[in-house]
Amino acid sequence: MATVLSGGTPAELAQAPTAQGAADPVRVLFIGDSSRSQHGAVFGVPLVLRGHGSKTSLDHVAEALGTHLAPGVALRVASFAERFLVSPSWVTTREDVRRAFDAVDQTEGGYTVGPSPIWDAVYEGADTLAPEPGRKFMLLVTDGAATANTVGFESALAHVRASGITVHVASTLTSPYARDEWGPSPLTRLRRLAAETGGQYREVGKGGQQPKLWEVLGELMDLCRVDPGHEWDARRAAEGARGNAPKTRTSGSD
């Protein structure tokens, strides 16, 4: 069960306030990895470095998402590590995006901590998006190195597909350690998650030829405003109606 912060107090997801205007045709849920291995990717900056005038990755990410909001698009923010935290409401303004990130900060002393239950987060993110009207998108930022999951990858993927959600992935792991000879590559699963939901998979980096995370997120936000076409939507809906996607969770620590 996701923990939703409502007025600073934990609340059940169903009790969290939502933005007015349920007719908004597009819902985008940003999910950022706040585990120990992802320090500085989105969340986390040492407290001693704050207030020195330079922007953090989080500042850039929030600005990119807010700048690329469009009429009819509403955004919600989530983070995962020890817990899966969701901001209290859907936002539609640039200023509210930054406050949404502050609401899901679970760093300690400015540093990210804890495990990386990616598939749990994807599953719970689908629970958040499923009851919403219109087209639904998930923007997932992670290195793919999943740990401490109670839900397996296949179960999370099936749940997302059954909920009619498109997942765009920004992968922060591009090292040579992500190779298939050591088991299923984290990047392989992230690519599948995007491809099998009609989304895009992108890799980001801190230098060289890799684009910055916030540049990629701006591009992915723009994709959320583009109708992918009725053919894909109809096919995915038909698959759900035939019951091809499991309705129950399967456990897994991958």
Side-chain angles (χ1 to χ4, degrees), residues 1-7 10-32 62 65-66 68-80 83-94 96-97 99-101 103-104 118-141 151 155-170 193-194 196-200 217 220-230 232-241 245-249:
M1 173 67 68
T3 301
V4 184
L5 302 181
S6 179
E12 297 297 332
L13 183 59
Q15 296 174 326
T18 56
Q20 296 297 317
D24 289 346
V26 176
R27 292 287 191 267
V28 180
L29 176 64
F30 173 92
I31 301 180
L65 295 175
H68 288 264
L69 279 173
V73 179
L75 177 76
R76 208 164 177 183
V77 172
S79 68
F80 67 93
R83 298 173 292 164
F84 180 72
L85 297 182
V86 188
S87 58
S89 62
W90 296 98
V91 300
T92 57
T93 68
R94 181 175 174 178
D96 286 337
V97 171
R99 286 191 283 270
F101 274 98
V104 300
I118 301 169
W119 316 132
D120 288 10
V122 169
Y123 197 102
E124 294 191 64
D127 284 344
T128 302
L129 280 166
E132 294 299 321
R135 293 185 291 121
K136 298 174 275 275
F137 296 87
M138 191 181 292
L139 297 184
L140 176 64
V141 177
V151 175
S155 181
L157 173 59
H159 188 41
V160 168
R161 286 172 57 85
S163 302
I165 298 166
T166 298
V167 183
H168 296 309
V169 177
L193 180 62
E196 296 185 24
T197 61
Q200 293 287 317
L217 288 175
L220 295 178
M221 277 292 288
D222 287 342
L223 287 179
C224 295
R225 302 181 341 212
V226 178
D227 191 334
H230 298 295
W232 168 258
D233 289 340
R235 177 161 60 85
R236 185 162 55 188
E239 289 173 351
K247 303 291 185 184
T248 57
R249 296 184 181 214

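- Every residue two or more places apart in sequence or in another chain that forms a side-chain contact (heavy atoms from CB on, under 4.5 Å) with Ala126 is listed here: His159, Val160, Ser163, Ile165.
- Annotation: the span from Trp90 atom CH2 to Arg27 atom CZ amounts to 6.0 Å, rounded to 0.5 Å.
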Next item on the list: Decide yes or no on side chain to side chain contact (heavy atoms under 4.5 Å, CB included) for Val122 and Val167, but give the supporting numbers first.
Entry: CA-CA 9 Å; Val122 169; Val167 183; 5.5 Å; no
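- In plain terms, the two heavy atoms of Thr92 and Val73 that are nearest each other are CG2-O, 3.8 Å.
- Between Val141 and Phe30, the closest side-chain pair of non-hydrogen atoms falls below 4.5 Å.
- For the atom pair CG of Leu69 and CZ of Arg225, the computed distance is 9.0 Å after rounding to the nearest 0.5 Å.
- Shown here for Val97 and Gly66, the closest heavy-atom pair between the two residues is CG2-CA, 3.9 Å.
- Not one N or O on the side chain of His68 forms a donor-acceptor pair closer than 3.5 Å with the backbone of Met221.
- How far CZ of Phe101 is from CG of Leu65: 5.0 Å, rounded to the nearest 0.5 Å.
- Between the side chain of Arg76 and the backbone N or O of Val86, no donor-acceptor pair lies under 3.5 Å.
- Distance check: Lys136 NZ to Leu29 CG gives 12.5 Å after rounding to the nearest 0.5 Å.
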Item checked: Stepwise side chain to side chain contact (heavy atoms under 4.5 Å, CB included) test for Ile31 and Phe84 -> CA-CA 9 Å; Ile31 301 180; Phe84 180 72; 4.2 Å; yes
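- Listed here is the closest heavy atom pair of Ala170 and Leu217: CB-CD2, 4.5 Å.
- Here the side chain of Thr197 pairs no donor or acceptor atom with the backbone of Arg161 at under 3.5 angstrom.
- Looking at Asp120, its side chain does come within 3.5 Å of a backbone N or O of Val151 through a donor-acceptor pair.
- Partner Cys224 forms a side-chain contact (heavy atoms from CB on, under 4.5 Å) with one of Thr166, Leu75, Leu139 and no other, that one being Leu139.
- In plain terms, the two heavy atoms of Ala156 and Trp119 that are nearest each other are CB-O, 3.6 Å.
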